[in-house]
Amino acid sequence: MFGFLKNKAVDFVTDDLVNCINYLAFEASNDIRQQRTTQIANTMRHWLSEIVTGRASHNDVLEHLRKQKSSAMSTGRDFFRNGERAAVYICWSFFVFLLSHDNPSSKIGIARVFDLCEKYCDPDAAGAVMEMTRQLRLDLKIPE
């Protein structure tokens, strides 16, 4: 039962994630695109570090990002047409997917987030972003 609900949650998250990624990849200005995708990568790195070191649990991270996501989404259905709101939703989605990373839909979602960060981050941060995403791809068995 729980697995079914988790899979439904992943499917629900994926719909808005695609909108957020499409906005940043195709509609946002280059400056916003680079700034927000670099921010997404830094946020993922920060919270993963907090989890690994025991300073935060996965649930702590999800709750923190859920509050930000709820605030972003309170602006209406077109919340994703704002770089900052889209970035918040993408970060929250990543950690939702991480909970069920063995789910094929979660793997696709994680790969989309990684692809966005790798492709559009600030060129000065590209090396660090690629290093982080490559290691996570290996750990989570996410294809490039």
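What you are looking at is a predicted structure, and each value in this text was computed from that prediction instead of being measured.
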Among all residues two or more places apart in sequence or in another chain, which pass the ring pair (Phe, Tyr, Trp, His ring centres under 6.0 Å) test with [X]?
X   : value
H64 : W47
F80 : none
F94 : F114

Compare all side-chain heavy atoms of [X] with those of [Y] and state whether any distance is below 4.5 angstrom.
X   : Y    : value
F97 : I108 : no
M44 : L136 : no
T37 : K119 : no
L99 : L62  : yes
C91 : K69  : no
Q68 : W92  : no

In Å, rounded to the nearest 0.5 Å, how long is the span from [atom1] of [X] to [atom2] of [Y]?
X    : Y   : atom1 : atom2 : result
I21  : F26 : CD1   : CZ    : 10.0 Å
S29  : L24 : OG    : CG    : 10.0 Å
Q34  : Q39 : CD    : CD    : 13.5 Å
L116 : L17 : CG    : CG    : 9.0 Å
D16  : M73 : CG    : CE    : 5.0 Å
L65  : I90 : CG    : CD1   : 12.0 Å

Could I get the full list of side-chain contact (heavy atoms from CB on, under 4.5 Å) partners for [X], not counting sequence neighbours?
X    : result
S49  : T53, R55
L140 : L98, H101, I110, I142
R85  : A72, T75, F79, N82

Hydrophobic cluster identity match, I40 and Y89, side-chain contacts under 4.5 Å:
yes

Could you tell me which residues satisfy salt bridge (charged side-chain N to carboxylate O under 4.0 Å, His left out) with [X], sequence neighbours excluded, listed by chain and number?
X    : value
R66  : E63
R137 : D115, E118
E27  : R81

Please step through side chain to side chain donor-acceptor pair (under 3.5 Å) for the pair D31 and Q35, ending with a clear verdict.
CA-CA 6 Å; D31 288 343; Q35 181 184 40; over 6 Å; no

Identify the heavy atoms of C121 and A126 that sit nearest to each other, and give their distance.
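In this case the closest contact between C121 and A126 is SG-CA, 3.5 Å.
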
Taking all atoms of both residues into account, what is the closest heavy-atom pair of A41 and C117, and its distance?
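The answer is N-SG, 3.9 Å.
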
Sequence-distant partners of D124, side chain to side chain donor-acceptor pair (under 3.5 Å), two or more places apart:
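None.
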
Taking only residues two or more places apart in sequence or in another chain, which ones pass side chain to side chain donor-acceptor pair (under 3.5 Å) with E84?
none

Salt bridge (charged side-chain N to carboxylate O under 4.0 Å, His left out) contacts in which one or both residues fall within residues 89-102, not counting sequence neighbours:
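The answer is none; no pair qualifies.
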
Step-by-step side chain to side chain contact (heavy atoms under 4.5 Å, CB included) determination, Y120 to N30
CA-CA 8 Å; Y120 297 111; N30 191 49; 5.9 Å; no

Say whether, by atom type as modelled, one donor and one acceptor occur between the side chain of H58 and the main chain of F95 under 3.5 angstrom.
yes

